Number of protein chains: 2
Amino acid sequence: MKCKSYYHFFEVIANKTRFKIIESLMCGPLNVGQICLATKEEQSKISHNLKVLSGCNVVDVKKDGKLRIYSLNKETVEPMLRLVEKHVQTYCEGNCGLK
Amino acid sequence: MKCKSYYHFFEVIANKTRFKIIESLMCGPLNVGQICLATKEEQSKISHNLKVLSGCNVVDVKKDGKLRIYSLNKETVEPMLRLVEKHVQTYCEGNCGLK
DNA sequence: ATTTCATATGATATAGTTTTCATATGTTAT
DNA sequence: ATAACATATGAAAACTATATCATATGAAAT
């Protein structure tokens, strides 16, 4: 397994705002304005962070007029969250030292 | 799936030094001095980062005299790295925008 | 009991990331 | 062509994480 720079992938997910974006996209694609509403975050903040997420294909964009619709790459993200959930359940009663 | 604070788990892995530690433990348990050699990093840096890793059970410690032997929780880490590897192969030719 | 070795810890300095604010770009409607 | 709207972008400010250095702790050997 070659993984010399895989930690960069985790950096992308390891952020509160980006994680909220991911959660908001769990139920289906949304445009930027809708993501702002769902996350209660500012537009430019969301845009900056969407760029990071799409930069490594954690989310996908497509244009629709003046809207940009973002969708989650569930194939990678969902199993990854399932692994974390299992880890927390198995190894950490309560909060695992996680803040 | 409840995942409100799961991003903290990713923060733990999303770091160059800690990732090097994880890699060094891939082949089996090591004590702190051995991890320093394997990673070519300073002892106190390693200790600080080992604390973060063990804080959420990504690694496990046991004492042996004055040595402390760390081992990797492969059950969570390995499948997670496999997911990233697959992601990179599938969605990113070259480097995926990852640094 | 003292020295030596292995590791941990605390405080500060340093580096890096994230947000913010102002503005730019691109699209549709008028 | 201009206005209105949605989103993106750049630069600076604000924030957070990390490394470093000095020192502390604990265990074994002398």
Side-chain angles (χ1 to χ4, degrees), chain A residues 5-25 28-72 96-99, chain B residues 5-25 28-72 96-99:
Chain A
S5 73
Y6 289 175
Y7 77 94
H8 289 302
F9 181 90
F10 294 105
E11 287 181 329
V12 170
I13 302 186
N15 171 280
K16 193 175 192 173
T17 305
R18 292 194 287 275
F19 208 78
K20 280 172 84 175
I21 292 173
I22 288 172
E23 287 182 295
S24 78
L25 294 174
L30 297 173
N31 65 49
V32 177
Q34 292 172 320
I35 296 171
C36 292
L37 283 173
T39 59
K40 291 173 186 134
E41 298 284 355
E42 272 235 86
Q43 182 268 314
S44 89
K45 185 173 173 179
I46 291 299
S47 283
H48 279 297
N49 281 290
L50 279 170
K51 193 177 187 185
V52 176
L53 287 168
S54 63
C56 77
N57 295 282
V58 169
V59 302
D60 193 48
V61 211
K62 67 172 199 251
K63 284 189 180 178
D64 171 22
K66 57 184 169 186
L67 302 176
R68 297 214 184 171
I69 295 169
Y70 285 85
S71 56
L72 187 62
C96 183
L98 298 174
K99 300 164 219 165
Chain B
S5 73
Y6 290 174
Y7 77 94
H8 289 302
F9 182 89
F10 294 106
E11 287 181 330
V12 170
I13 302 186
N15 170 280
K16 193 175 192 174
T17 305
R18 291 194 287 276
F19 208 79
K20 282 172 83 175
I21 292 173
I22 288 171
E23 288 182 294
S24 77
L25 294 175
L30 295 173
N31 65 51
V32 177
Q34 293 171 320
I35 296 171
C36 292
L37 283 172
T39 58
K40 291 173 186 134
E41 298 284 354
E42 273 234 87
Q43 182 267 314
S44 89
K45 186 173 172 179
I46 291 298
S47 283
H48 279 298
N49 281 291
L50 279 170
K51 194 176 187 185
V52 176
L53 287 167
S54 63
C56 78
N57 296 282
V58 169
V59 301
D60 193 48
V61 211
K62 67 170 199 253
K63 284 188 181 179
D64 171 22
K66 56 185 170 185
L67 302 176
R68 296 214 184 172
I69 295 169
Y70 285 85
S71 56
L72 187 63
C96 183
L98 298 175
K99 299 166 222 165

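What you see is a predicted model; the values in this text were computed from it and never measured. Numbers restart at 1 for each chain; the letters A, B, ... are given by sequence-line order, proteins then strands.
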For Asn49(B) and dA19(D), is the shortest distance between a side-chain N/O and OP1 or OP2 below 4.0 Å?
-> yes
Check DNA chain C against residues 32-48 of chain B and give the residues with a non-hydrogen atom under 4.0 Å, in numerical order.
-> Val32(B), Gly33(B), Gln43(B), Ser44(B), Ser47(B), His48(B)
Where is the tightest heavy-atom contact between Lys20(B) and Thr39(B), given as atom of each residue plus distance?
-> NZ-O, 3.0 Å
Please report the closest heavy-atom contact between Lys45(B) and Thr17(B), naming both atoms and the distance.
-> CE-OG1, 3.4 Å
Could you give the CD-to-P distance, from Glu11(A) to dT16(D), as a whole number of Å?
-> 18 Å
Phosphate OP1/OP2 of dA6(D) contacted by Asn31(A) side-chain N/O (<4.0 Å) | no
For Lys62(B) and dT7(C), what is the distance between atoms NZ and C1' respectively, to the nearest whole Å?
-> 17 Å
Between OH of Tyr6(B) and CD1 of Ile22(A), what distance do you get to the nearest 0.5 Å?
-> 14.5 Å
Can you label the angle between the Phe19(B) ring and the Tyr7(A) ring as parallel, tilted or perpendicular, going by 30° and 60°?
-> tilted
To the nearest Å, how far apart are Lys51(A) NZ and dT25(C) P?
-> 14 Å
Using a cut-off of strictly less than 4.0 Å, decide whether Thr17(A) has a side-chain nitrogen or oxygen near OP1 or OP2 of dT19(C).
-> yes
Could you tell me the separation between the CD1 atom of Ile13(A) and the C1' atom of dT17(C), rounded to a whole number of Å?
-> 17 Å
Which atom of Ser71(A) lies closest to which atom of Leu25(A), heavy atoms considered | C-CD1, 4.3 Å
Pair up each side-chain donor or acceptor in residues 59-68 of chain A with any protein partner under 3.5 Å, not counting sequence neighbours, and list the distances.
none

Atom pair distance, as rounded to whole Å: CG in Leu30(B) and P in dT7(C) = 11 Å
What residues in residues 63-70 of chain A put a non-hydrogen atom under 4.0 Å from any atom of DNA chain C?
-> Lys63(A), Gly65(A), Lys66(A)
Kindly compute the distance separating CZ (Arg18(B)) from CD (Glu41(B)), expressed to the nearest 0.5 Å.
-> 12.0 Å
Atom CD in Glu11(B), atom NE2 in His8(B): separation rounded to 0.5 Å?
-> 5.5 Å
Tyr7(A) OH to dA17(D) P, straight-line distance once rounded to whole Å = 17 Å
What distance separates Leu50(A) CG from Tyr70(A) OH, expressed to the nearest 0.5 Å?
-> 5.0 Å
